[in-house]
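These notes are about the structure you will find just below.
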Amino acid sequence: MTWMPLLATLTGAVIAMGSTLLVEHRKTQRETAKEWRKTRQELYARFLAAHAQAGSDLRNIAAVPDLDASERYRQTRAAYTHCYASRHELELLAPRTVVVLAEECSRAVRMMRDAVSAGARLDSDQFEELTRRYLDLRLETRNAMRSDIWTGSD
């Protein structure tokens with residue numbers, strides 16, 4: 001009979017300790033998920049911004065008709081340079097559903113770069129087609145990124 005209060009106290013302490021650990025574990029999981037979402041959101045924004053800037057720069061280069069071939073080549077290569085880092089980061093951190101679309105989007109910008117480097121003009125059918133393809137892929141990529149951020153898929 002003298003053991004009952006001690007046993008009840010010990011049982012209560014075990015339950016309280018277990019509850020505290022469970023609450024802390026769930027809090028840590030929520031914080032980790034929140035940090036992971038923020039990391040992806042920043043990465044996705046960098047990727048989209050770099051590719052949008054490259055597309056805009058390529059459009060500006062394509063608008064200059066009398067640009068020397070070597071200068072055109074240099075400018076088109078420079079326009080895409082900022083896309084590499086975010087693309088490689090994305091390959092490491094994003095789920096496959098996002099990576100596949102991002103790779104296609106990036107490929108579309110490289111195709112624009114190559115066409116402009118070879119002399120494609122802003123008003124050419126080729127440049128318009130490549131731009132349309134890039135914009136469609138950018139939209140699909142952005143939608144996949146949004147879906148990933150809000151669902152947290154892996």
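As a basis for the values below, the full set of heavy atoms in this structure was taken, side chains included, without hydrogen atoms, waters or symmetry mates.
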For the side-chain contact (heavy atoms from CB on, under 4.5 Å) test, which of D114, D57, L58 pairs with T76?
L58
Using side-chain heavy atoms (C-beta onward) and a distance below 4.5 Å, is R146 in contact with R142?
yes
On a heavy-atom basis, the closest approach of V98 and A144 is CG2-O, 3.7 Å
Are L135 and I61 linked, directly or through other ILVMFWY residues, by side chains that come within less than 4.5 angstrom of each other?
yes
For A52, is there any backbone N or O sitting under 3.5 Å from a side-chain donor or acceptor partner on S56?
no
Ignoring hydrogens and geometry, is there a side-chain-to-backbone donor-acceptor pair from S124 to A120 under 3.5 Å?
no
Would you say S147's side chain and N143's backbone share a donor-acceptor pair under 3.5 angstrom?
no
Count I, L, V, M, F, W, Y as connected when their side-chain heavy atoms are under 4.5 Å apart, and connections chain through other members. Are L122 and V64 then in the same cluster?
yes
Does the T39 side chain pair with the main chain of E35, one donor and one acceptor, at a distance under 3.5 Å?
yes
Atom of A50, atom of C83 and distance for their closest heavy-atom approach:
O-SG, 3.5 Å
Taking salt bridge (charged side-chain N to carboxylate O under 4.0 Å, His left out) as the test, write out the residues that go with E140, two or more places apart.
none
Electrostatic pair R107:E104 at N-O distance under 4.0 angstrom:
no
Is a donor on one side and an acceptor on the other found under 3.5 Å between the side chain of R40 and the backbone of I149?
no
Please list all pairs meeting ring-ring contact (aromatic ring centres under 6.0 Å, His included) that have one or both residues in residues 103-124, counting only residues at least two apart or in different chains.
none
I'd like to know if the side chain of Y134 reaches the main chain of H51, judged simply by a donor and an acceptor atom lying under 3.5 Å from each other, with no hydrogens or angles considered.
yes
Grab the two heavy atoms, one from L43 and one from S86, that are nearest each other, plus how far apart they are.
CD1-O, 3.8 Å
Looking at every non-hydrogen atom in both residues, tell me the closest pair between T141 and L101 and how far apart they are.
OG1-O, 3.2 Å
Is there a side-chain contact between L90 and M145 in this structure, where contact means two heavy atoms from C-beta onward sitting under 4.5 Å apart?
yes
Is F127 linked to V109 within one hydrophobic cluster, defined over Ile, Leu, Val, Met, Phe, Trp and Tyr using a side-chain heavy-atom separation of less than 4.5 Å?
yes
Would a hydrophobic clustering, with Ile, Leu, Val, Met, Phe, Trp and Tyr connected at side-chain separations under 4.5 Å, put L48 with V99?
yes
Once you measure the plane-to-plane angle for Y80 and Y84, does it fall in the parallel (<30°), tilted (30-60°) or perpendicular (>60°) bin?
perpendicular
Lys/Arg N to Asp/Glu carboxylate O, E103 vs R87, below 4.0 Å
no
Can you get from F47 to W36 by hopping between Ile, Leu, Val, Met, Phe, Trp and Tyr side chains that sit under 4.5 Å apart?
yes
Where the side chain of R138 meets the backbone of R133, is there a donor-acceptor pair that is under 3.5 Å apart?
no
Just wondering, are more than 12 heavy atoms of other shown residues or ligands nearer than 6.0 Å to CG in D125?
no
Using modelled atom types and a 3.5 Å cut-off, is there a donor and acceptor pairing between side-chain atoms of S117 and backbone atoms of R113?
no
Between V116 and R72, what is the shortest heavy-atom contact and its length?
O-CD, 2.9 Å
Test side chain to side chain contact (heavy atoms under 4.5 Å, CB included) on Q126 and R121; report intermediate values, then the result.
CA-CA 8 Å; Q126 178 190 23; R121 302 266 312 267; over 6 Å; no
Do other residues, nucleotides or ligands put more than 12 heavy atoms under 6.0 Å from R59 CZ?
no
Decide, yes or no, whether a salt bridge links R132 with E129 under the criterion of side-chain N to carboxylate O below 4.0 Å.
yes
